[in-house]
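All remarks here apply to the structure that follows.
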Amino acid sequence: MPITEFLERNSELYGDEVCLVELNPEIQEKRLVTWKEYSLTEPKGSAPYRREITWSIFNEKANRFANLLISRGIGKDDKVAILMMNCLEWLPVYFGVLKAGAIAVPFNFRYDTDEIEYCAELAEVDIMVFGSAFIGRLEPIADKLSKKCKLIYCGGGYCPSFAESYNELTANESSQNPNVEIKDSDNAAIYFSSGTTGFPKAILHNHESLMHSAKVEQAHHGQTHSDVFLCIPPLYHTGAKMHWFGSLISGGKAVLLKGTKPEYVIQAVHNERCTIVWLLVPWAQDILDDIDSGKIDLKKYDLSCWRLMHIGAQPVPPSLIKRWKKVFPNHEYDTNYGLSESIGPGCVHLGVENINKVGAIGIAGYGWQTKIVDPDGNEVKRGEIGELCVKGPGVMTCYYRNEEATAECLKDGWLFTGDMAKEDEDGFIFLVDRKKDVIISGGENIYPVQIEDFLRQMEQIKDVAVIGMPDHRLGEISAAIIEVKEGYTLTEEEVNEFCYKIARYKRPRKIIFADIPRNPTGKIEKPVLRKIYCVDNLVAKENES
């Protein structure tokens, strides 16, 4: 069955209950808009930065958009792009696309004009729904785009001349379910890869994938109708949306928080009585740092409702979780591993009952299989490093319009993840590093994540990334880019002295103090760092010679 049936069910069972809340604390701080300009509804006592909708309104909005798409001739295998920041309109638009039987194509909100044009062409987009933040990026290519796809504006203020208004178009559409027959094997969504090796690849999933991701999330974290999920990451990414699917199955409320400041997170949990929060590593670190420094006084908040904190999207330093459990000893903790190619989080997960294995990404998730293989595809022995492979109902159909890339990573139903990993004696999987991030220095394999985890034990370090830099003698050397915590100082000599505790070949040969760039899902943008520190260094050496 398609996940759209859960929305219909929730509308019938919990129609008058709030299902989505949008919080924008920055609106309050900057006082950019008044309440009447900002809200969809005006519930008594609401603040200017808070909006909400019920399950019945959510479903009606999805139906109206679905019926609009159908009236425009959009149906099976047609593509509708979504280019919006997190907001109350995002999920109704997404479900409207699914209810029409079309393919939803979420776009990364960081895409520049060239990337928007490239992805629209690659995915063969028929309609693009966009928000106010993207008017400037779309205007230069609007004429070219509109020859192939219609542009629909979903935002406040005036609709730009090159687009049609979402509010006006959907106002007179039927709010009844269009009842389009949807099969598990029907194409459902295209997500884009992170684009770490150039422009993104388009990842095609069917409805079985979406449904399985919802089942996985609910099985792992046991959401009930009384749970409240705090969603901070962008909805275009599988990680945020597929975690929200647990709320969809249970009919529970979710809060979309715009902004990642620690005080925003703590206030949201307190005010909205959030029970489940998914954090990225830097956000969790920032929360703990602000608590330690006194910027956040926990005595001012009632956080007794918060039962589960889980993290994904990147390796999690064990030291971080030890710190977290000292501050929040009653929290359950889980970590989730996944890729957009495996419909997001959960193909591997730690499990709340395995807190003693912090540092591992866990074991095969609900309905998933795992194996670790050598370069020839043979399974390695436990304790040996190889490439992690996963198999299950959530594996992508293909890279859309890219048979070569599909064949490289899909073999006999197994998805070759490109992540290097190993199993311990109990079968728990530990990530070692991305296959492409491994540094080969003088014939020795160096795994940056291991060094990063080690360095994060230094109190002064807020964030760290280790990359390989070209070296004429060793081929590559490891360089540590270190971001120092506010109010602390750190020297190269202190870092080198601390590194005496690890094997000599693993010690960073170069120390650089700078900010660490991360993408919206919390992953360190190592290609950006390589471009800055590797390319620039090569150019400098060439100029010197």
Subject >> Row check, Y333 ring normal vs K325 NZ/CZ: under 6.0 Å, within 45° >> reply: no
Original post:
Is it true that a side-chain atom of H225 and a backbone atom of G251 form a donor plus acceptor pair closer than 3.5 Å?
Top reply: yes
Original post:
Within the side chain of R382, is there an N or O that forms a donor-acceptor pair under 3.5 Å with the backbone of E423?
Top reply: no
Original post:
Quick one: does R9's side chain get under 4.5 Å of W55's, heavy atoms only?
Top reply: no
Subject >> salt_bridge(D227, K253) N-O dist < 4.0 Å >> reply: no
**OP:** Apply side-chain hydrogen bond (donor to acceptor under 3.5 Å, both in side chains) to the pair H212 and E208, showing each step before the final yes or no.
**Re:** CA-CA 6 Å; H212 186 65; E208 182 184 22; over 6 Å; no
**OP:** Could you tell me if the ring centre of F130 sits under 6.0 Å from that of Y153?
**Re:** yes
Original post:
How many angstroms lie between atom CE of M211 and atom CD1 of I182, to the nearest 0.5 angstrom?
Top reply: 10.5 Å
Subject >> Partner set under salt bridge (charged side-chain N to carboxylate O under 4.0 Å, His left out) for K183, not counting sequence neighbours >> reply: none
Original post:
What distance do L235 atom CG and C87 atom SG have between them, rounded to the nearest 0.5 Å?
Top reply: 8.0 Å
Subject >> Flag side-chain contact, heavy atom, 4.5 Å: Y337 against T417 >> reply: yes
Original post:
Taking atom CD1 of I232 and atom NE2 of H243, what is their separation to the nearest 0.5 Å?
Top reply: 11.5 Å
Original post:
Crowded around D297 CG? As in, over 12 foreign heavy atoms under 6.0 Å?
Top reply: yes
Subject >> Pair N167-S165, side-chain donor/acceptor within less than 3.5 Å >> reply: no
Original post:
Does T335 use its side chain to pair, donor to acceptor, with the backbone of I311 at less than 3.5 Å?
Top reply: yes
Original post:
Charged N to carboxylate O under 4.0 angstrom, K258 versus E22?
Top reply: yes
Original post:
Heavy atoms, side chains only, cut-off 4.5 Å: are W368 and V395 in contact?
Top reply: yes
**OP:** Say whether, by atom type as modelled, one donor and one acceptor occur between the side chain of R64 and the main chain of A171 under 3.5 angstrom.
**Re:** yes
Original post:
With a cut-off of 6.0 Å (strictly less than), are more than 12 heavy atoms of other residues, nucleotides or ligands near NZ of K422?
Top reply: no
**OP:** Might you work through the side-chain contact (heavy atoms from CB on, under 4.5 Å) test for D292 and R323, ending with a clear yes or no?
**Re:** CA-CA 10 Å; D292 289 345; R323 282 183 69 198; 2.8 Å; yes
Subject >> Short N-O contact, K462 and D289, less than 4.0 angstrom >> reply: no
Original post:
Which heavy-atom pair separates F229 from S247 by the least distance, and what is that distance?
Top reply: CB-OG, 3.4 Å
Subject >> Basic-acidic side-chain contact under 4.0 Å: D286, K261 >> reply: no
Subject >> Side-chain heavy-atom pair Q267, P25 within 4.5 angstrom cut-off >> reply: no
Subject >> Any I343 side-chain heavy atom under 4.5 Å of M242 side chain >> reply: yes
Subject >> Minimum heavy-atom distance between Y94 and A189, given as atom pair plus value >> reply: OH-CB, 4.1 Å
Subject >> Heavy-atom closest pair, residues P200 and Y111 >> reply: CG-OH, 3.4 Å
Original post:
Can you tell me how far CD1 of I82 sits from CE of M128, rounded to the nearest 0.5 angstrom?
Top reply: 11.0 Å
**OP:** Please report the C-alpha distance between F328 and L298 in whole Å, then the side-chain angles of each, then the deciding distance to 0.1 Å, and finally whether the side-chain contact (heavy atoms from CB on, under 4.5 Å) criterion is met.
**Re:** CA-CA 10 Å; F328 300 105; L298 292 181; 4.2 Å; yes
**OP:** For residues 93-107, pull every pair meeting salt bridge (charged side-chain N to carboxylate O under 4.0 Å, His left out), keeping only residues two or more places apart or in separate chains.
**Re:** E8-K99
**OP:** For L7 and F95, work out which heavy atoms get closest and say how close.
**Re:** CD2-CD2, 3.8 Å
**OP:** Mind listing the closest non-hydrogen atom pair of A104 and L98 along with its distance?
**Re:** CB-CD2, 4.4 Å
Subject >> Test log, rule side-chain contact (heavy atoms from CB on, under 4.5 Å), inputs T224 and T275 >> reply: CA-CA 10 Å; T224 67; T275 62; over 6 Å; no
Original post:
Do Y166 and F65 make the cut of ring centroids closer than 6.0 angstrom?
Top reply: yes
Original post:
When you check the gap from the basic side-chain N to the acidic O, do E486 and K295 get nearer than 4.0 Å?
Top reply: yes
Original post:
Yes or no on side-chain contact (heavy atoms from CB on, under 4.5 Å) for E217 and W244, after CA distance, side-chain angles and deciding distance?
Top reply: CA-CA 8 Å; E217 176 60 23; W244 172 79; over 6 Å; no
**OP:** Mark yes or no for whether S250, through its side chain, and G246, through its backbone, hold a donor-acceptor pair below 3.5 Å.
**Re:** yes
**OP:** Answer yes or no: are there more than 12 heavy-atom neighbours, outside Q176 itself, under 6.0 Å from its atom CD?
**Re:** no
Original post:
Below 4.5 Å, heavy atoms only, C-beta onward: do D126 and K79 meet side chain to side chain?
Top reply: yes
Original post:
Run the salt bridge (Lys or Arg N to Asp or Glu O under 4.0 Å) check on E332 and R307 step by step: do they pass?
Top reply: CA-CA 6 Å; E332 292 183 311; R307 71 170 180 87; 3.4 Å; yes
Original post:
To the nearest 0.5 Å, how far apart are NZ in K201 and SG in C119?
Top reply: 11.5 Å
Original post:
E387 side chain to V373 main-chain N or O, any donor-acceptor pair under 3.5 Å?
Top reply: no
Original post:
Side chains of V105 and F107: does their closest heavy-atom pair fall under 4.5 Å?
Top reply: yes
**OP:** Could you pull out all residues at least two apart from Y301 that satisfy ring pair (Phe, Tyr, Trp, His ring centres under 6.0 Å)?
**Re:** H270
Original post:
Can you check whether E60's main-chain N or O pairs, donor with acceptor, with S175's side chain at less than 3.5 Å?
Top reply: no
**OP:** Spell out, as yes or no, whether a donor-acceptor pair under 3.5 Å connects the side chain of D78 to the backbone of G75.
**Re:** yes
**OP:** Check the angle between the aromatic planes of W306 and W324 and answer parallel, tilted or perpendicular using the 30° and 60° thresholds.
**Re:** perpendicular
Subject >> Those residues that, when tested against H349, pass ring pair (Phe, Tyr, Trp, His ring centres under 6.0 Å) (two or more places apart) >> reply: H220
Original post:
Looking at K300 and E263, does any basic side-chain N land under 4.0 Å from a carboxylate oxygen?
Top reply: no
Name every donor-acceptor pair, under 3.5 Å, that has one atom in a side chain of residues 350-365 and the other anywhere in the protein, sequence neighbours excluded.
residue : atom : partner : partner atom : Å
N354    : ND2  : L350    : O            : 2.8
K357    : NZ   : D424    : OD2          : 2.7
K357    : NZ   : D426    : OD2          : 2.7

**OP:** Flag the pair V129 / V80 as yes when at least one side-chain heavy-atom distance between them is below 4.5 Å, and no otherwise.
**Re:** yes
Subject >> L279 side, atom CG; I287 side, atom CD1 - distance, nearest 0.5 Å >> reply: 5.0 Å
**OP:** Report yes or no: is the cationic atom of K215 (NZ for Lys, CZ for Arg) under 6.0 Å from the centre of the six-membered ring of Y366, at an angle within 45° of the ring normal?
**Re:** no
Subject >> Shortest non-hydrogen contact between N67 and S174, atoms and distance >> reply: ND2-O, 2.9 Å
Subject >> Side-chain donor or acceptor of D412 paired with backbone N/O of W414 under 3.5 Å >> reply: no
Subject >> Sequence-distant partners of F245, ring pair (Phe, Tyr, Trp, His ring centres under 6.0 Å), two or more places apart >> reply: none
